[in-house]
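Everything on this sheet refers to the single structure shown next.
The sequence lines fix the lettering, A, B, ..., with proteins before strands; numbering per chain opens at 1.
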Amino acid sequence: MQCVVTGGNVKVLGKAIHSLSRIGDELYVEPQEDGLALRSVNSSRSAYACFLFAPLFFSRYAIPTGLNFRCKMAIKSVQSVFKSLATLEKTVEKCHIGLDEQKDRLTFTLHCKHGLLKTHNLSYQDSESLEAVFDKNSCANVFRAQPRVLVDTVVHFPTSLEEVTVTVSDERMWVRNHVEDEAERSKAMLTELCLAADEFDYFAVKAHYSITFCLKEFRGLLLFAESTGLPVSMYFDEPGSPVVLSVTDSVLEGNFVLATLSDNHDLHKSNRGGDADQPHPPDDFMSDDMDAYLIAMDTSAAPGPSTADPPPPSLATFRKPPAPNYRTRTHSEEEEEDDGEEDPERPPDKKFRSLFFGSVLPPSSQMNTQPLTTQEVLASDSEDETEAE
Amino acid sequence: MKFRGKITDIACLNHFTRVVTTISKLTKTCVLRLTPDHLFFILPGKVTNGGVGMWCQLLQANFFQEYQMEGVTSEVQEICLEVSPEPWSRALKTVQSAKSVKLKLTRKHCACVTVAAELPTLSSVGRVVTHDVPVDVIPRRLWQEFQEAGVPDFDVSVYLPPLKTMKSVVDRMKNLSNFLVMEANLNGDMNLKIQTDLVSVTTHFKDLGNPDGGPSQSRDPEVMAEVTVDIRKLQQFLMGQQVNPSKALCNIVHQNVVHLVLLHEDVSLQYFIPAVA
């Protein structure tokens, strides 16, 4: 295999690798006919990312014919080849990637200014195929936005924040932080941001879903999108079904597939009516003058419900967390597997496919995977809603 | 009990954010006392804080373009809340470009102060980000702790040297000892001293000047008033300062307490560090 990347594309390649490092510890490399595929998956198999660089991305693209070559390597070692992207941009003229099958090595040679050659020999291991099964086009909700809009949204959330919840209506998208357990709820700061449909290049909502996924992994994609300026497309369906984020241009395609928390469907159905009836909260919020919120808070008196403007529907309804936490969410989707732990003997793709296999199962089976505790949660939420209304 | 304040001026927003950030660096939690004219960030000097006390006073009119509040009862026009300034600081820092920022006392899942910022966007609808920061309402029976303590009769009052210089000196001294002696006299001299078995280090500041209206002139100007303090508390105070104040002075009660007073654009910040027992 001989691939040569020149000029600005070296930085793009480097950025892609840094983005992939936000997902998992290993980089899966697979030179294909349609381009070089770089993939990564996280240890709990709840996040997958793939960058496919078309042959035109390279100034030279020659891959081994015949047998399918696949390998994986520690992503940190590949990152060290592309560390300090700023200097890379200024000094590297081209990057040559070569395969030494006898020594099980991938050689990255950076041709820099002044005739300097930096050669990195990285050992790889053979690996099974890693490929997610997902269908963007079958998703109910599709959006496309300039990366700046999304970067400006996530900046309001602390970098340590694990999960974020995205809720959509016909004209709006709400993004807020997701707080897992009740105890944290009373201490944690809750942040919510609302984006209007016209901030997006494309905004098509067929169902008012609310999904929760890992922000850290989402930021990984934004890292790449922001530096390349490519618009980000987002595809998602009901909770439990993965969210797909992609960036494309004529010579590359990046897809980040993130699992979402399985939520209870009834929660959303009961809310959808509310969504349609209530005026959109951000407008009210901005034009309110005093009297918006009253607090009946004397330590002796029992606290009363809030009056006047009800909180935005997303706040009232989605406040209660679904019981499965992030790490165990894969269990609900991988119930075919005996254990959620990584089994080195088992080929990774089988476990991985189950993540998405779960998403094509009819909704009822997803409901069954819910731990029973969510049932109680649902009941008290309905009460909150009526109070707010 | 109601509170609603709105900031639309960008300089005011900036200044308010800096004040909140400074407070957040000094303490993890403090009391916010709201009156019709002022906001106070208070940390009562308790044993649990190591005796450190803080009192920061802001004139609300200098920050808020709109300010409305109603106290706990119609006679008592005050609200006391226990707040954690760090999330406020984080929330405010990300909305510096906002067209307006509103702070409201609200009741969501619990009592919160909601920071709501209207962000500029290219679209027709403004983008609003809200941060709900949980707070605790403090019952009236505990309020006497948060009244302004009388300023003690201090022995020496002196202007502080540039805080950056003090900070670098204290940072280095912290590596050698846990305790630092602060002493000053009415001649405008101040010394910061540490002493260990192996070494003693003293940094001398001269010609600092003494504020007027200080302690009685009958005191010998050469005699130093000194206090031994926990160096980390002094370091924490210095770490939190982001802007050079227009006035910075230090009142010392011999072997008792160091009272640091900073004044910057009508915000006064007082910090009490007790002597180590």
- Query: Do V149(A) and R127(B) pass the side chain to side chain contact (heavy atoms under 4.5 Å, CB included) test, and can you show the C-alpha distance, the side-chain angles, and the key distance before you say yes or no?
  - Reply: CA-CA 11 Å; V149(A) 173; R127(B) 199 188 299 163; 4.2 Å; yes
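- Only the backbone of A188(A) comes within contact range of chain B, with heavy atoms under 4.5 Å apart.
- Interface with chain A: from residues 88-96 of chain B, residues R90(B), A91(B), T94(B), V95(B) qualify, criterion being any non-hydrogen pair under 4.5 Å.
- Partners of R148(A) according to the salt bridge (charged side-chain N to carboxylate O under 4.0 Å, His left out) rule, which considers only residues two or more places apart in sequence or in another chain, are D152(A), E226(A).
- Under the side-chain contact (heavy atoms from CB on, under 4.5 Å) test applied with L193(A), the options V129(B), V128(B), T130(B) reduce to a single match, V129(B).
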- When you look at H131(B) and H156(A), which way does the side chain to side chain contact (heavy atoms under 4.5 Å, CB included) test go after all the steps? CA-CA 9 Å; H131(B) 299 271; H156(A) 297 280; 4.2 Å; yes
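- Annotation: K25(B), atom NZ; neighbour count of heavy atoms from other residues, nucleotides and ligands within 6.0 Å is above 12.
- Each of D132(B), V113(B), V133(B) was compared with M189(A) under the side-chain contact (heavy atoms from CB on, under 4.5 Å) criterion, and only V133(B) meets it.
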